Amino acid sequence: MHWSTSLLGLVSTGLAAQAGKHYAIMDNDWYTAGFVPYLIALDGDVEILGLASDTANSWQPQVALHAVATLEAGNLSCIPVYAGATWPLINTPLRFQAWETIHGKLPWEGAFAPENRTFEAEGNDPTSGNPNRIVKEAFKEGFPKGRPDNSTSAANFMVEMVHKYPGQVSIYSAGALTNIALAVRMDPMFASLAKDLVIMGGYVDLNMLEATGSIMLADYQSDINLMIDPEASKIALTADFPNITIAGNVANQVFPTEEFKKEVLSVPNPYSKLFDKYYDLSFPFWDETAAALMVDPTISVNQTSVFLDVDTSYGSPNYGNIHVYQKALAPQGIREVNYVFEVDADRLIQRIKHALQYPKTCADLQ
C-alpha cells in the first residue's frame with residue numbers, strides 16, 4: 001500500500017512536470033550567424049521540438065541546410081530540422097519585382113532580389129533564379145554533413161506537435177509565415193492548440209523614416225518577413241492562437257557592438273567564435289528580441305493590445321504591411337495581438353550573452 005501510494009505520487013509529480021514544460025518550434029530563414037535565437041530558447045529551458053525553414057532572406061532549401069549546419073557546429077544535431085514550403089502562397093520574384101516597379105524598390109528584397117552569381121561566388125546566399133540550387137560558398141559555418149528530416153513537412157510537424165502537447169508549444173517565426181499559414185489551413189484546431197505565436201516583423205508608423213533617412217535606416221523599417229508572403233502573413237496573424245506577440249518596431253531597439261562581440265568571445269566555444277567572426281554589426285538584434293520575448297515575456301517593459309490586419313491588396317503601396325486598429329474601429333475577421341514597444345535592453349543583452357557563452361549541447365538535453 002505504501003509502495004503504491006509512493007508510486008502514484010511519483011507518477012503525479014512526473015505528469016505535473018510534463019504539463020509545465022514549455023516547448024517550441026522555431027521557424028526561420030536560418031543563416032551562418034542565425035543560431036542565437038535557438039540558443040536563447042535552450043538557455044531559457046525551452047525544449048525545442050524542431051527547427052523549420054522558410055523562404056525569406058534566401059530560398060528555403062538553402063536556409064534548411066544552414067539550420068542543419070549551425071546545429072552541427074555546436075553538437076546540437078539531436079534537434080531535427082524540417083523543410084518548409086519553398087514557395088510563398090502566391091508571391092514570386094517576378095510578381096514581387098513587378099510590384100516594385102509600381103510602388104518603389106525595397107532596400108532589402110530578400111530571396112526575391114535579382115539573381116546575382118557574382119555575389120553568390122563571394123559567399124552570399126542565393127536569390128531568385130532556381131530556388132533549389134545550393135550555394136556552398138555561403139556556408140561559412142561549414143557545409144553540413146547531415147540533411148533535414150524528410151519524414152514530414154514543417155507545417156505537418158507543427159500540427160502533430162500541438163496535438164501531442166496541447167497548450168505547451170510556442171510557434172516562433174522570424175522569417176516568412178508560409179509554414180504557419182499552411183498549418184492553420186491544414187488543421188482548424190492547430191492555432192488554438194498552440195501555446196502562442198511569437199513573430200519578428202510587423203512594423204508600424206515608420207514611413208517617414210523610410211523617406212527621410214538613409215538607405216540603411218529604410219532597410220530597418222522594411223517588413224520583408226511579411227512582404228515575401230503577405231497572404232500567409234494575414235492567415236497566420238488572424239488565426240485563433242491563444243496569444244500572438246509581435247516584435248516589430250522593438251526589434252530595432254538593441255544593436256550589437258564590437259565590444260559586446262569580444263565580451264562574448266571571452267568564453268570561447270564554437271558559437272561564440274562564429275558570432276564574433278560573422279555576426280553583422282550593421283543590424284539590430286531582430287530575431288533575438290523575438291526569441292527572448294518567447295522565452296520570457298516579462299522582458300517587455302512597454303506593450304499594448306491592438307487589433308491587427310495585413311494588407312493583401314497587390315495594388316497597394318502597403319502590400320504585406322500591417323495596419324492596427326482599436327477594437328471599436330476594427331474590421332471583421334481580425335483579432336487582438338500583443339504589440340511590444342520596448343524591452344529591457346540590459347536583460348536582453350545578458351540573455352544573449354549567456355546563451356552564447358554557455359550554449360547547451362545534445363549531452364545537456366538528454
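Just so you know, residue 1 is the first one in the sequence shown, and it goes up from there. Remember, it's a predicted structure, so these values are computed and weren't measured experimentally.
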Should [X] and [Y] count as side-chain neighbours, where that means a heavy-atom distance under 4.5 Å?
X    : Y    : answer
L348 : D344 : no
D29  : D125 : no
H22  : K195 : yes
Q253 : P284 : no
P88  : F96  : no

Atom [atom1] of [X] and atom [atom2] of [Y]: how far apart are they, to the nearest 0.5 Å?
X    : Y    : atom1 : atom2 : value
L49  : I171 : CG    : CD1   : 8.5 Å
S58  : W30  : OG    : CH2   : 14.5 Å
I334 : K234 : CD1   : NZ    : 7.5 Å
D229 : L89  : CG    : CG    : 4.0 Å
K360 : L39  : NZ    : CG    : 10.5 Å
I40  : L293 : CD1   : CG    : 10.0 Å

- prompt: Where do W108 and N57 land on the side chain to side chain donor-acceptor pair (under 3.5 Å) test, with the steps shown first?
  reply: CA-CA 9 Å; W108 178 251; N57 281 344; 2.8 Å; yes
message: For T298 versus R347, what's the shortest heavy-atom pair and its separation?
response: OG1-NH2, 3.0 Å
query: Taking all atoms of both residues into account, what is the closest heavy-atom pair of S282 and F255, and its distance?
result: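 Smallest interatomic distance, heavy atoms only, reads O-CE2, 3.6 Å.
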field: Hydrophobic cluster identity match, L177 and Y319, side-chain contacts under 4.5 Å
entry: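 No; tracing contacts between hydrophobic side chains, which count when under 4.5 Å, never links both residues.
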field: Same apolar cluster: V63 and M200, side chain cutoff 4.5 Å
entry: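 Cluster IDs for V63 and M200 differ.
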Judged by atom type as modelled, is there a donor-acceptor pair below 3.5 Å linking the side chain of [X] to the main-chain atoms of [Y]?
X    : Y    : result
N116 : F119 : yes
T101 : Q97  : yes
N225 : A174 : yes
E109 : P114 : no

Electrostatic pair K21:E47 at N-O distance under 4.0 angstrom: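 Counted as a salt bridge, because a side-chain N and a carboxylate O are separated by less than 4.0 Å.
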So [X] and [Y], would you call those rings parallel, tilted or perpendicular, with 30° and 60° as cut-offs?
X    : Y    : value
Y271 : F35  : tilted
F341 : Y339 : tilted
W87  : W59  : perpendicular

Any donor-acceptor N or O pair under 3.5 Å, side chains [X], [Y]:
X    : Y    : answer
Q350 : D346 : no
T32  : E141 : yes
T86  : Q60  : yes

message: I need the single residue from I199, D287, L197 that forms a side-chain contact (heavy atoms from CB on, under 4.5 Å) with Y172. Which is it?
response: D287
- prompt: Does the ring centre of F241 sit less than 6.0 Å away from the ring centre of F190?
  reply: yes
query: Is the Y279-F285 ring centre distance short of 6.0 angstrom?
result: yes
